[in-house]
Amino acid sequence: MEVTLEVRDLRTHFFTRAGVVKAVDGVSFTVRRGEVLGLVGESGSGKSVTGFSLIGLVDPPGRVVSGRILFQGRDLAALPEAEMRRLRGNRIAMIFQDPMMTLNPVLRVDTQMIETVLAHEKVSRAEARARARDALGMVGIPSPEERLRAYPHQFSGGMRQRVAIAIALLHRPDLIIADEPTTALDVTIQGQILAEVQKLAATTGTALIWITHDLSVVAGLADAIAVMYAGRIVEQGPVGEVLDAPLHPYTAGLIGSVPSRNRRGAPLRQIPGMTPSLLHLPPGCAFRARCARASEACLEAPALRPLAPGREVRCVHPLLEEAQA
Amino acid sequence: MSVYVLRRLLQSLLVLVAMSVIVFIGVYAVGDPVEILISPDADQLERERAIQALGLDRPLWEQYLVFVQRALQGDLGRSFVFNEPALRLILQKMPATLELAFGAMVIAILVGLPLGLYAGLRPESPGARLIMAGSILGFSLPTFWVGLMLIMVFAVQLGWLPSTGRGETAALFGLHWSFLTANGLSHLLMPAINLALFKISLVIRLTRSGVRETMLMDYVKFARAKGLSPARVTFVHVFKNILIPVVTVVGLELGSTIAFSVVTESVFAWPGMGKLIIDSINALDRPVIVAYLMIIVLMFIVINLVVDILYSVLDPRVRLEGSR
């Protein structure tokens, strides 16, 4: 399959008064055409910053300090802002977390959609409007012609997220970065939207990076998974294999934290402690302090190494033995 | 919407009544106009006749009722000093004050909005720091002193602009306006700038904080993620949102600009309502004081109403709630 996006050793740091926060610290992954990558991690693991780095929207004091973002062969990290803008919303689209906040409250939906069309293509307003209407219909908004004239506050949260998705789809992008787009929605609405997105990715060949902390979403949607912890990817591989037999203790802990039907009545499992402050990251493995398998060897930062075909893990003591036993 | 407007009008009426009572009592407490109006060598009989003619012999509540009765017929009393209807006296002076206040507002918006926008978009730049430091001066320098300095520099030393009066006026809608003639405009410029100084600072700070707040919003980031040009993001997505607070405050400030142009009018000898009210207070010309304050109250009420309606035009969320 054709590679849509290849990220190599991406580093995005925030230069604050208190010190340098290494929000993204050497992240590498690949997304192919039509593939869905689930980027998973807790709050503060750097998954959202990774998403914003790809589209060139990291706000000061943060910036991409090094690494390569190869999108269809072009390095986005080295691209001038004007050319980056031509790609944004056109070849690479983004969907945000909170649908209540992503649409401008004082502009009508048609304004916000038509301007997106006109930003990248020289077409008449009437045609831009027709495109906007079709996009709304495609994401399952009833009577799109009338809804175009509405203001965002006249939509429910789920409908607003559909509008945001419709905007992202206007130019049939090659890559969509979705930053926890269903977290703020009801489970039923979440299910509907996931199904729509999956269908769209499959039919249009759009590659998708789905940023989330919800493993159950990833399990149903993604082809591959990358687990982030403290600004680094600690494990990645095909979604089924990683979820069935995690190699990194952190991944195993995440999976264990999901309440399961099979363990009814038993106390919920949890990962002790919390994510370390990125400002004062201890040397060695960042997960060391919360890990039951930690040893002297973990004081040395482990590298991401391949352990099985298509699978990589950043751990001195991977769960290899147990998985096979 | 119409129910809303009707309710607002009823509330306004209440404010008007309450204000008239307060004003009446307040003016009564300020001093006895008889001492100023009647010549010191008038005898007791003349004195009493004058007091009776002015209606000052009656108790306060009776004076008030008479005032209300006449006010309902559009008569706010006759000036003790000019022996003319107070209302007419004030309305004659109103165009001068209105054009001064509107001139100041236009200057405040034309200067304040761009500067505030710049300071909000580039908060760390030296230009923005200069603008913000300047706005502190605009807030803290006393109006009368700035007025005097303007006169000293531009009228006395450079001789570019005239320092007093309205200059030539031209008629429009049966009223005389300075801004219609070049000479009048040159007379208007300095007092308008003087009056605008405080408002410029206000608009700058309001715009800047609005821009900084709005720039952090997800919808601005989303607009950028759509690949819109920076100009479109700034002038459509950000600007339309900051207009809401700016319009509110500028609108409300219009009332206070009209009411408190007193200082500027005095410094530049601008023959407006502000100068009239100062003269009337000095002469204890009660009917003029009362009439002036009633008109100002009415003006505030009308302005607030207009601002509310404008607000609903700018913010679709308000519109919806109003129609429910």
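Computed from a prediction, not measured in an experiment: that's the story for all the values here.
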Subject >> Check: B:K226 main-chain N/O paired with A:H120 side-chain donor or acceptor under 3.5 Å >> reply: yes
**OP:** Could you look at A:L57 and say if it's the side chain, the backbone, both or neither that has a heavy atom under 4.5 Å from chain B?
**Re:** both
Subject >> Gap separating the OG atom of B:S229 from the CD atom of A:E115, nearest 0.5 angstrom >> reply: 9.0 Å
Original post:
Which bit of A:A168 comes within less than 4.5 Å of chain B, counting heavy atoms only: side chain, backbone, both or neither?
Top reply: neither
**OP:** For B:G227 and A:A119, work out which heavy atoms get closest and say how close.
**Re:** O-CB, 3.9 Å
Original post:
Is it the side chain or the backbone of B:I244 that comes within 4.5 Å of chain A heavy atoms, both, or neither?
Top reply: side chain
**OP:** Look at atom CD of A:E83 and say whether more than 12 heavy atoms of other residues, nucleotides or ligands are closer to it than 6.0 Å.
**Re:** yes
**OP:** Could you tell me whether A:F15 atom CZ has more than 12 heavy atoms of other residues or ligands within 6.0 Å of it?
**Re:** yes
Original post:
Where is the tightest heavy-atom contact between B:L228 and A:R85, given as atom of each residue plus distance?
Top reply: O-CD, 3.2 Å
Original post:
Counting heavy-atom pairs under 4.5 Å to chain B, which of A:A93, A:P105, A:A82 comes out on top?
Top reply: A:P105
Original post:
Using non-hydrogen atoms only, which part of A:Q112 is less than 4.5 Å away from chain B: side chain, backbone, both, or neither?
Top reply: both
Original post:
Where on A:I55 is there a heavy atom nearer than 4.5 Å to chain B: the side chain, the backbone, both, or neither?
Top reply: side chain
Original post:
Within the distance-only criterion (no hydrogens, no angle test), does the side chain of A:N104 pair as donor or acceptor with the backbone N or O of B:Y219 below 3.5 angstrom?
Top reply: no
Original post:
Can you tell me how far the CG atom of A:D179 sits from the CG atom of B:D218, to the nearest 0.5 Å?
Top reply: 9.0 Å
Original post:
With a 4.0 Å cut-off, would you call B:R224 and A:D59 a salt bridge?
Top reply: yes
Original post:
Is the count of non-hydrogen atoms from other residues, nucleotides or ligands lying under 6.0 Å from A:R11 atom CZ greater than 12?
Top reply: yes
Original post:
Do other residues, nucleotides or ligands put more than 12 heavy atoms under 6.0 Å from B:F102 CZ?
Top reply: no
Original post:
At what distance, to the nearest 0.5 angstrom, does CZ of B:F222 lie from OG1 of A:T116?
Top reply: 7.0 Å
